[in-house]
Amino acid sequence: MGAQIIDGKAFAAKVRAQVAAHVAGLKAGHGIVPGLAVVLVGQDPASQVYVKNKGVQTIEAGMASFEHKLDAATPEAEILALVARLNADPAVHGILVQLPLPAHVDAALVINAIDPAKDVDGFHISNVGLLGTGQKALVPCTPLGCLMMLRDHHGDLSGLEAVVVGRSNIVGKPMAQLLLGDSCTVTIAHSRTADLGAVCRRADIVVAAVGRPEMIRGDWIKPGATVIDVGINRVPHPDDPAKTRLVGDCHYDSCAAVAGAITPVPGGVGPMTIACLLANTLTACCRAHGLDEPVGLTA
Ligand code: NDP
């Protein structure tokens, strides 16, 4: 295997340390403590784990963490009222409403009720529009993490051919916008793309955000290309069907044999997502107070 492994766990630790150092400076210099509010509606087990991890890492970075856990049956109007209170609270610089929301709640309505300046997930329609028009936005955390790793590995991304596989609003589309912002030549592929293998083979950078275990094989990868695997798929363990293991959207061994660099699953893109959430909260706080933004932690 020739590929350099892009260690997302180590990179995320570096980002968190950078955030913590900047937060300490804000406290010492201005008496400001960035605050992140997370709203969880219902008992979804995966969401509960995410929210717990977010809270722990927020506090470790020296920020204030505000958790709002609501019953699954909470009426939409009550959730909107909470969002309005958080919008008005000067101690809260970032608001995250954990998705998915229960079926009786209009997720788009709730997300678009968040003050765009506090929308640290970058899902508010204003931030989507700002990113799409190349203006200063709060950017979705997972693609921001991918961009940081790509910039770190390549330095300048200008002129590189990038193929993003997947066109979701959470990963694929914002990823493509970010790569375009760094002057890559960008192709977005999806389930209707003809000859996906040929499309991927022309890429210097492949970002896989598909949700199909090990779909992208090594013979789709141009020798020396960089492979960013966003996928997180739980599959039966080959040695013990009673157990499971996590795999990405890329077939790791065959891709790593051809690629120049690759992110593993787990330990690649995954850890960067919460690190970028903290980075976005810090950015939102600095913007709210008219202070310098942290260098290297924004798009
Ligand atoms: P979605 O299901 O919203 O989108 C998947 C995309 O993949 C769609 O655009 C779909 O195309 C495309 N697709 C599906 N099948 C194929 C195929 N056979 N060939 C080409 N394209 C295909 O997923 P998300 O974007 O939310 O997530 C993608 C993956 O990333 C998942 O594994 C998810 O768990 C993971 N993820 C990881 C995160 C992290 O922190 N590391 C965060 C978010 C997601 P079409 O639009 O045509 O249907």
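Just so we're clear, the structure is a prediction, and the values are computed from it rather than from any experiment. In each ligand, atom 1 is the first atom listed, and ligand 1 is the first ligand listed. By convention here, the first residue in the shown sequence is residue 1.
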How far is atom 37 (C) of ligand 1 from its nearest protein heavy atom, and which residue and atom name does that atom have?
V230 O, 3.2 Å
Atom 42 (C) of ligand 1: closest protein heavy atom, distance to 0.1 Å, is T142 OG1, 3.3 Å
Look at ligand 1 and say whether A209 reaches it with a heavy atom at a distance under 4.0 Å.
yes
Suppose I only count heavy atoms of V269 and a 4.0 Å limit; which atoms of ligand 1 are within that range?
41 (N)
Under a plain distance cut-off of 3.5 Å, with no hydrogens placed, do T298 and T283 share a side-chain donor-acceptor pair?
no
Numbering the atoms of ligand 1 from 1, which are under 4.0 Å from a heavy atom of M215?
17 (C), 18 (N), 19 (N)
Which residue and heavy atom of the protein sit nearest atom 46 (O) of ligand 1, plus the separation:
R167 NE, 2.7 Å
Within ligand 1, which atoms have a heavy atom of G166 less than 4.0 Å away?
6 (C), 7 (O), 9 (O)
Is there a heavy atom in N233 that sits closer than 4.0 Å to ligand 1?
yes
Are more than 12 heavy atoms, taken from residues, nucleotides or ligands other than R192, located less than 6.0 Å from that residue's CZ atom?
no
If you compare G231, P174, S191, P266 by their heavy atoms, the one closest to atom 10 (C) of ligand 1 turns out to be S191
Do other residues, nucleotides or ligands put more than 12 heavy atoms under 6.0 Å from the CD atom of Q48?
yes
What is the nearest protein non-hydrogen atom to atom 29 (C) of ligand 1, stated with its residue, atom name and distance?
G211 N, 3.7 Å
Compute whether any side-chain donor of one residue and acceptor of the other, for T244 and R234, lie under 3.5 angstrom apart.
yes
In terms of hydrophobic clustering (I, L, V, M, F, W, Y; side-chain heavy atoms under 4.5 Å; direct or indirect links), are L178 and V269 co-clustered?
yes
With atoms numbered from 1 as shown, which atoms in ligand 1 lie under 4.0 angstrom from a non-hydrogen atom of L196?
19 (N), 20 (C)
Given V210, T193, T273, I232, which one has a non-hydrogen atom that is nearest to atom 14 (C) of ligand 1?
V210
With atom 21 (N) of ligand 1 as the reference point, say which of K173, M272, H190 has the nearest heavy atom.
H190
Note the single closest protein heavy atom to atom 27 (O) of ligand 1, along with its residue, its atom name and the distance in Å.
V171 CG2, 4.5 Å
Can you establish whether the number of heavy atoms outside D240 located under 6.0 Å from its atom CG is more than 12?
yes
Among M149, H153, Q4, which one satisfies side chain to side chain contact (heavy atoms under 4.5 Å, CB included) with T226?
H153
protein heavy-atom neighbour closest to atom 15 (N) of ligand 1 works out as R212 NE, 3.1 Å
Starting from atom 25 (O) of ligand 1, what is the nearest protein heavy atom, named by residue and atom, and what distance separates them?
S168 OG, 2.5 Å
Under the side-chain hydrogen bond (donor to acceptor under 3.5 Å, both in side chains) test against Q98, which residue among K69, K54, H68 passes?
K54
Carboxylate-amine/guanidinium contact R16 E60, below 4.0 Å
no
Lys/Arg N to Asp/Glu carboxylate O, K136 vs E293, below 4.0 Å
yes
For G270, state whether at least one heavy atom is located under 4.0 Å from any atom of ligand 1.
yes
Is the count of non-hydrogen atoms from other residues, nucleotides or ligands lying under 6.0 Å from F123 atom CZ greater than 12?
yes
